[in-house]
Participant: 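Dropping a structure here in structure tokens format, bear with me for questions.
Each ligand, and each atom within it, is numbered from 1 in the order the structure gives.
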Amino acid sequence: MTDRKKGVRRMREKINFNVPPYVEKAAEYIQECVKNQKICGDGPFTKRCSEWFEQRTGTAKCLLTTSCTHATELAALLADIQPGDEVIMPAYTFVSTADAFVLRGAVPVFVDIRPDTMNIDEKLIEAAVTERTKAIVPVHYAGVSCEMDTIMEIAARHDLIVIEDAAQGVMASYKGKALGTIGDFGCYSFHETKNYSMGEGGALLIKDEKNVEDAEIIREKGTNRSKFYRGQIDKYTWINFGSSYLPSDMNAAYLYAQLEIADEINEARLALWRRYYENLKPLAEEGKLELPVVPEGCVHNGHMFYVKAKDIEERTALIDYLKAGNIHSVFHYIPLHTAPAGIKFGRFHGEDRYTTRESERLVRLPMYYGLTLEQVDYICGKVSEFYR
Ligand SMILES: *Cc1c(COP(=O)(O)O)cnc(C)c1O
């Protein structure tokens with residue numbers, strides 16, 4: 001077979017929407033855990049990962065957790081969220097953003113999004129504040145930051161806690177500050193579909209030293225075992241409510257292999273993102289589809305590449321067309337206020353001008369570390385063909 005034919009053949013192989021990152025060192029590091037018989041939580045790899053994030057982001061403390069969902073639960077406990085409290089968040093987000101607060105008996109108050117970034121519209125937040133409001137949870141969609149200056153100002157004025165859902169925001173920043181470090185707490189995800197992965201996992205970033213000890217205690221079943229391990233006390237005991245939010249060190253070993261080459265992974269994702277953008281710009285200029293917007297001051301991380309079709313019918317047709325070309329594209333987030341649990345537990349404040357309309361138009365194209373620029377060209381070719 002000639003090279004050209006091989007190339008064509010490769011192009012026709014299925015292009016998955018997501019493939020977890022493959023990093024050679026991961027297997028070696030996991031083996032190290034197995035050989036050294038150190039597999040439980042807070043082992044050497046967990047420590048390396050936490051320190052890496054502390055150095056990289058400048059946060060006071062990074063605690064690895066079993067998921068971003070659990071990091072958010074931990075933040076809700078630290079924020080002392082009580083039944084009947086209200087928590088402001090976008091309706092266009094993953095269920096975990098709301099779940100962590102619903103578990104505490106709080107009411108998620110959904111606010112409309114901005115159509116350009118798909119993030120919570122900061123201009124609509126203040127009108128949703130009541131005397132029961134306890135926290136604001138901005139979600140940095142696609143690793144593009146919310147308008148954090150405005151959000152932090154509103155929080156300061158009303159004495160509210162800010163918990164950033166930065167599940168998609170690892171290695172992204174807002175005006176030079178790492179996402180997850182701007183609010184009181186920041187939550188990262190290392191799920192298989194995120195930029196850096198440990199299968200299932202996450203992290204809680206804590207801005208203020210004064211919250212660190214409580215966080216360590218709640219994360220360790222309500223005990224002061226973290227202090228005991230550091231040799232600061234000679235026995236540990238049960239001193240508060242808590243749960244178990246520690247991942248196994250084997251998972252941390254898998255993650256650490258990626259952190260060692262985090263810049264390379266980030267740059268590769270950004271190169272794919274830029275290729276999508278350049279290839280599809282002509283279609284956007286013709287008004288056929290819309291491309292993502294990255295506002296001034298936001299440095300994103302190539303977490304996601306999406307396009308917006310005219311409406312839900314056109315989106316369905318585009319997904320089907322790509323599928324026929326062996327390309328797996330997806331849409332997501334049925335707005336939470338329209339889901340059974342959202343109706344039961346939450347409410348929407350104001351008017352749903354953009355949340356439903358924009359979510360119905362959005363398609364996510366394949367994006368992962370290891371996807372090639374040639375594959376992106378092929379995908380963009382198919383998108384262009386669809387619109388011709
Ligand atoms: C992935 C994701 C989560 C949940 O992350 P897990 O680690 O799977 O719990 C929460 N919020 C957003 C915005 C996400 O994208």
Participant: Give yes if a backbone or side-chain nitrogen or oxygen of Ser96 is under 3.5 Å from a nitrogen or oxygen of ligand 1, and no if not.
Facilitator: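 No, since none of the N or O atoms of Ser96 sits under 3.5 Å from an N or O of ligand 1.
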Participant: Taking non-hydrogen atoms only, is Thr69 closer than 4.0 angstrom to ligand 1 via side chain, backbone, both or neither?
Facilitator: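 Both backbone and side chain.
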Participant: Can you see whether Tyr277 has Arg274 sitting over its ring - NZ or CZ less than 6.0 Å from the centre and within 45° of the normal?
Facilitator: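 No; the conditions do not both hold, so Arg274 does not lie above the ring face of Tyr277.
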Participant: Hey, what's the ring geometry for His300 with Trp273, parallel, tilted or perpendicular (30° and 60° as the breaks)?
Facilitator: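 Aromatic pair His300/Trp273 classed tilted.
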Participant: Give the atoms of ligand 1, by number and element, whose distance to some non-hydrogen atom of Val139 is under 4.0 Å.
Facilitator: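 Those atoms are 13 (C).
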Participant: Kindly assign one of parallel, tilted or perpendicular to the pair Tyr333 and Phe94, based on the angle between their ring planes and the thresholds 30° and 60°.
Facilitator: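 Plane angle between 30° and 60°, so tilted.
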Participant: Identify the closest protein heavy atom to atom 3 (C) of ligand 1: which residue and atom is it, and at what distance?
Facilitator: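 Closest protein heavy atom to atom 3 (C) of ligand 1: Phe94 CD2, 3.6 Å.
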Participant: Does the residue Gly201 have a heavy-atom contact with ligand 1, meaning some pair of atoms that are separated by less than 4.0 Å?
Facilitator: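 Heavy atoms of Gly201 do come under 4.0 Å of ligand 1.
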Participant: Pick, from His332, Lys194, Gln168, the option with the minimum heavy-atom distance to atom 1 (C) of ligand 1.
Facilitator: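 The nearest heavy atom belongs to Lys194.
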Participant: Using side chain to side chain contact (heavy atoms under 4.5 Å, CB included) as the criterion, point out the one residue from Met89, His349, His337, Arg132 that pairs with Val109.
Facilitator: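 It is His349, the one option of Met89, His349, His337, Arg132 that forms the side chain to side chain contact (heavy atoms under 4.5 Å, CB included) with Val109.
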Participant: Heavy-atom pairs closer than 4.0 Å: do any link ligand 1 to the side chain of Tyr333, the backbone, both, or neither?
Facilitator: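 Contact part for Tyr333 vs ligand 1: side chain (C-beta onward).
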Participant: Any sub-3.5 Å donor-acceptor pair from Thr59's side-chain atoms to Ile206's backbone N or O?
Facilitator: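 Pair found, side chain donor or acceptor close to backbone of Ile206.
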Participant: For Cys68, is at least one N or O under 3.5 Å away from an N or O on ligand 1?
Facilitator: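 For ligand 1, there is an N or O atom that lies under 3.5 Å from one belonging to Cys68.
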Participant: Are any side-chain N or O atoms of Gln258 and backbone N or O atoms of Val23, one a donor and one an acceptor, separated by less than 3.5 Å?
Facilitator: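 No, Gln258 side chain to Val23 backbone: no donor-acceptor pair under 3.5 Å.
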Participant: Counting from 1, what ligand 1 atoms have a heavy atom of Ser67 closer than 4.0 Å?
Facilitator: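 With Ser67 as reference, the close atoms of ligand 1 come out as 7 (O), 9 (O).
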Participant: Under 30°, 30 to 60°, or over 60°: which ring-plane class applies to Tyr256 and Tyr29, parallel, tilted or perpendicular?
Facilitator: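 Rings of Tyr256 and Tyr29: tilted, 30 to 60°.
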Participant: Do me a favour and list the nearest non-hydrogen protein atom to atom 11 (N) of ligand 1 with residue, atom name and distance?
Facilitator: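 The answer is Asp165 OD2, 2.8 Å.
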Participant: Return the residue, atom name and 0.1 Å-rounded distance of the protein heavy atom closest to atom 14 (C) of ligand 1.
Facilitator: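 In this structure, atom 14 (C) of ligand 1 has Ala167 CB, 3.3 Å as its nearest protein heavy atom.
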Participant: Is Ser189 close to ligand 1, meaning an N/O of one under 3.5 Å from an N/O of the other?
Facilitator: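 Looking only at distances, the answer is yes, because the N/O contact criterion of under 3.5 Å is met.
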Participant: Are the ring centres of His303 and Tyr188 closer than 6.0 Å?
Facilitator: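 Ring-ring flag for His303/Tyr188: false, centres at least 6.0 Å apart.
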